[in-house]
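We count ligands from 1, going down the list as the structure has it; atoms in each ligand are counted the same way.
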Amino acid sequence: MSTYRIAWMPGDGVGNDVMEAARIVLDAMKFDAEYVPADIGWKFWCTEGDPLPPRTIEILRQTDCALFGAITSKPGEEAAAELAPELADKGLSYFSPIVRLRQLFNLHTNMRPCRAYPGNKLNYRDDIDLVIFRENTEGMYGGVEFFPLPEKVYEALCANPKMVKWKEKGLENIALSTRIMSAQGCRSIVRQAFEYAKANGRKSVTLVEKPNVLRETGGLMTRMAREVAAGYPDIPLWEANIDAICMWMIKNPQNYDVLVAENMFGDIISDLCAGLVGGLGFASAANIGADYAVFEPTHGSAPKYDGMYKVNPMAMLLTVRLMFDWLGEGEMADKLEQAVAAVILEHRVGTYDVGLENTTLEVAEEVARKLV
Ligand code: IPM
Ligand code: MG
């Protein structure tokens, strides 16, 4: 029997390409695992009306963790239009399977390192080394939404006098997406950020919020962050508004270290920070819960490159590195990161985004050769 059972979910588009690349490196490292293929993604929405079929959830329950390539997500109407004809009038509505997975398995912490590896010509600056902690199950992406606005929900919302003005627009014209945050969720994500900072000698934790406008949710997060921070007197808590941090990240990204944010703000700063260290081709991510984790690069499925083996596999390989770390295979994690760093530094083999002409798989093979 293998030491680990890993759910294997290529998902959509270039998810397949980068997962193949991951496999080259995993095999080269003789990682002792059984890979259990699991269906997820657009194809299963179109043909079965469910992008995350129950059989996949079953597989996840029987594995140690999952590796995931990428997912295609489209807004409601476009999604409905692509359903198989026999499913068209069943009242199905599309919800992103990765967001659902995060909620279903309570993968509350999304950890996203953004490091400027030496020699990466796409680095905005060479001294950037950030780690984002994104709350992953609550907030703006919690999935509690309405359109049209049901009468009952409207009435309940009228507990706040500001609600009254929406009535004259007609409830059939009102869409509502909620931002629901709990003290537990806020505390937990901030604690993860501080624990990571402490364990890794990081200098500061920056809370990204907007409490001057989002007074209740932003206010709660800010209070919880201050409360948690009090337990880490050696690590300062900085507070920044989401709009301001987008500017500061362009001006002085080297001043920041660990960032912590609610779900949507974390999503936004993830892409921003990825852009500073070479783009989504270098941005790895881990969705972590108490006893399960799903590892997926930050990038999407890039349908126009599907099957062309064009995209940069480094994000996926660095994601495998996060998986090694989570499994307690620290030596393998370091070895893989060093090999990735060596290929980047040499700048001899690379994909189109770094100005070279190799395929996704050739880059993975080069990383495999650099493993020592
Ligand atoms: C991400 C992605 C997802 C998200 C999408 C695909 C639902 O943008 O992981 O950052 O917003 O969480
Ligand atoms: Mg995103």
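At a 4.0 Å cut-off, at least one heavy atom of R134 sits close enough to ligand 1 to count as contact. Within the 4.0 Å heavy-atom cutoff, S270 does not count among the residues contacting ligand 1.
Among protein heavy atoms, the minimum distance from atom 7 (C) of ligand 1 is reached at S96 OG, 3.6 Å. With respect to atom 2 (C) of ligand 1, the closest heavy atom belonging to the protein is D267 OD1, 4.1 Å.
Taking CD1 from I6 and CZ from F295, the interatomic distance works out to 8.5 Å, rounded to the nearest 0.5 Å. One finds the OH atom of Y141 at 9.0 Å from the CZ atom of R102 (value rounded to the nearest 0.5 Å).
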Ring pair (Phe, Tyr, Trp, His ring centres under 6.0 Å) between Y4 and Y35, worked out: CA-CA 8 Å; Y4 300 111; Y35 302 103; over 10 Å; no
Candidate pair N110 and R112, rule side chain to side chain donor-acceptor pair (under 3.5 Å), full reasoning: CA-CA 6 Å; N110 196 326; R112 298 181 151 177; 3.1 Å; yes
Ring pair (Phe, Tyr, Trp, His ring centres under 6.0 Å) between Y154 and W166, intermediate numbers included: CA-CA 9 Å; Y154 171 76; W166 300 104; 9.9 Å; no
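Using a cutoff of 4.0 Å between basic side-chain nitrogens and carboxylate oxygens, E362 and R369 are not scored as salt-bridged. A salt bridge is absent between E195 and R191: the closest approach of a Lys/Arg side-chain nitrogen to an acidic carboxylate oxygen does not fall below 4.0 angstrom.
Only the side chain of V99 comes within contact range of ligand 1, with a heavy atom under 4.0 Å; no backbone atom does. In H299, neither the side chain nor the backbone holds a heavy atom less than 4.0 Å from any atom of ligand 1. Contact annotation: for M140 versus ligand 1, there are no heavy atoms closer than 4.0 Å. With a 4.0 Å cut-off on non-hydrogen atoms, R112 touches ligand 1 through its side chain and not its backbone. Proximity of I71 to ligand 1, defined as any heavy-atom pair under 4.0 Å, is confined to the side chain (atoms from C-beta onward).
The tally of protein N/O/S atoms under 2.8 Å from the Mg ion (ligand 2) stands at 1.
Tested against V320, the residues L336, D325, V25 include a single side-chain contact (heavy atoms from CB on, under 4.5 Å) partner, L336.
For Y94 and W42, the gap between ring centers is short of 6.0 Å.
Applying the 4.0 Å criterion to heavy atoms of R102 picks out, from ligand 1, the atoms 1 (C), 4 (C), 9 (O), 12 (O). Residue Y141 approaches ligand 1 through these ligand atoms, each under 4.0 Å from one of its heavy atoms: 11 (O).
Residue-environment remark: CD (Q62) exceeds the threshold of 12 foreign heavy atoms within 6.0 Å.
Checking atom 5 (C) of ligand 1 against the protein gives no heavy-atom contact under 4.0 Å.
Residues forming a ring pair (Phe, Tyr, Trp, His ring centres under 6.0 Å) with F324 (at least two apart in sequence, or on another chain): F31.
Below 30°, between 30° and 60°, or above 60°: for F133 and Y196 the angle between ring planes is between 30° and 60°, a tilted geometry.
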